[in-house]
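Here's the structure we're looking at; comments come further down.
Note: hydrogens, waters and symmetry copies are ignored here, and every other heavy atom, side chains too, is used.
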Amino acid sequence: MTGTTHVPSPRAPGDHSTVVELLDHADRAVDAVVTPVTTQEGLSREGWRVLLLLSRGGGRSMGEIAEHAAIPNPTATRMVDRLVAQSFAFRRNDPNDRRRVLVHLAPAGREVVERVSQQLELRVGDLLEQMSGNDATLRSLLSMLVNNLPLTPE
């Protein structure tokens, strides 16, 4: 039968057992932990994603940044402008192609990444300890999920 869509049966209130519902709740839970900490540092969630990308080392092109943060190129440019204005990042010409500009993490940006990461690890660390060592399993499952799902809408 073409043109039909499967609609899951209704669930009892409080039963969040489907994967889609669990992912939605996990996303909101992560947002509730990350946003207050990044906002305190003057960063949006996307700005935080960009700093994390830059913290991996090497310069990143605007295209890489836009793809990683799942935002359009013009938005990525404005975001990098803000990060540069905050002294969290800086731009340099690519040594292999002088026409191309790469964005790098500045020392102040590294300090922010370290501070925010430390705060987030402390907040999530307690929860992971309560999971009795299941954090390795969680990390493995999350890695599999992230590596097999697209980060941008199709």
Side-chain angles (χ1 to χ4, degrees), residues 5 16-154:
T5 303
H16 307 291
S17 57
T18 71
V19 172
V20 171
E21 290 170 317
L22 288 170
L23 287 172
D24 179 54
H25 281 77
D27 178 54
R28 286 189 276 156
V30 168
D31 189 55
V33 171
V34 173
T35 299
V37 177
T38 57
T39 300
Q40 185 178 353
E41 294 287 348
L43 291 169
S44 64
R45 285 288 302 272
E46 292 80 12
W48 170 242
R49 286 186 188 112
V50 172
L51 287 185
L52 280 178
L53 174 66
L54 298 177
S55 73
R56 295 181 190 157
R60 302 296 175 149
S61 70
M62 290 307 299
E64 289 174 289
I65 290 169
E67 182 178 332
H68 181 78
I71 55 176
N73 281 358
T75 304
T77 298
R78 286 190 299 274
M79 179 170 305
V80 168
D81 289 344
R82 281 192 297 272
L83 294 174
V84 169
Q86 291 171 292
S87 299
F88 295 158
F90 63 92
R91 292 180 173 98
R92 286 267 160 80
N93 285 22
D94 183 340
N96 300 321
D97 181 353
R98 303 299 282 164
R99 297 168 296 171
R100 186 173 160 194
V101 175
L102 300 177
V103 181
H104 299 266
L105 188 66
R110 180 154 315 282
E111 290 173 12
V112 168
V113 169
E114 289 172 5
R115 252 191 330 269
V116 170
S117 295
Q118 184 178 29
Q119 289 180 38
L120 294 175
E121 290 284 338
L122 286 173
R123 290 192 68 184
V124 177
D126 293 339
L127 175 62
L128 292 177
E129 282 182 29
Q130 294 171 16
M131 294 173 59
S132 303
N134 290 327
D135 61 326
T137 301
L138 178 61
R139 288 176 197 267
S140 175
L141 291 171
L142 288 173
S143 292
M144 286 176 21
L145 183 67
V146 167
N147 291 326
N148 290 294
L149 288 178
L151 293 177
T152 55
E154 293 182 352

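Within the 4.5 Å cutoff, side-chain heavy atoms of L43 are placed close to those of F88. Looking at heavy atoms from C-beta onward, L102 lies in side-chain contact with H104 at the 4.5 angstrom threshold. By the 4.5 Å heavy-atom criterion applied to side chains, V113 and W48 are counted as neighbours.
Formation of a donor-acceptor pair under 3.5 Å by the H68 side chain with backbone atoms of E64 is not found in this model. Not a single donor-acceptor pair under 3.5 Å links the side chain of D94 to the backbone N or O of R100. A donor-acceptor pair is defined here as one N or O able to donate and one able to accept, closer than 3.5 Å; no such pair exists between the side chain of S117 and the backbone of E114. With T38 contributing its side chain and V34 its backbone, the two residues share a donor-acceptor pair below 3.5 Å.
Between F90 and L105, the closest heavy-atom pair is CE2-O, 3.5 Å. Closest heavy-atom contact between A106 and S87: CB-O, 3.4 Å. Taking all atoms of both residues into account, the shortest heavy-atom contact from P36 to V33 is CD-O, 3.6 Å. Scanning all heavy atoms of the two residues, the minimum distance from G63 to N73 falls at CA-OD1, 4.2 Å. Contact between G47 and L83 at its shortest, heavy atoms only, is O-CD1, 4.3 Å.
Atom CD1 in I71 sits 8.0 Å away from atom OG in S44 (nearest 0.5 Å). Atom CG of L53 sits about 10.0 Å away from atom CD of E67, to the nearest 0.5 Å. Atom CZ in R123 sits 14.0 Å away from atom CD in Q118 (nearest 0.5 Å).
Listed by chain and residue number, nothing satisfies the side-chain hydrogen bond (donor to acceptor under 3.5 Å, both in side chains) test with T39 (two or more places apart in sequence, or in another chain). For R115, the salt bridge (Lys or Arg N to Asp or Glu O under 4.0 Å) partners at least two apart in sequence or on another chain are E41.
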For salt bridge (Lys or Arg N to Asp or Glu O under 4.0 Å), just list the numbers for R91 and D81, CA-CA rounded to whole Å, side-chain angles, deciding distance to a tenth of an Å, and then say yes or no. CA-CA 9 Å; R91 292 180 173 98; D81 289 344; 2.5 Å; yes

Apply the test side-chain contact (heavy atoms from CB on, under 4.5 Å) to residues R78 and T75: give CA-CA distance (whole Å), side-chain angles for both, the deciding distance (0.1 Å), then the verdict. CA-CA 5 Å; R78 286 190 299 274; T75 304; 3.3 Å; yes

Using side-chain contact (heavy atoms from CB on, under 4.5 Å), reason through V101 and M62 one step at a time and then give a plain yes or no. CA-CA 8 Å; V101 175; M62 290 307 299; over 6 Å; no

Between T35 and R45, is the side-chain contact (heavy atoms from CB on, under 4.5 Å) condition met? List the steps. CA-CA 7 Å; T35 299; R45 285 288 302 272; 3.6 Å; yes

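Ion pairing between R28 and D24 holds under the 4.0 Å rule for side-chain N and carboxylate O.
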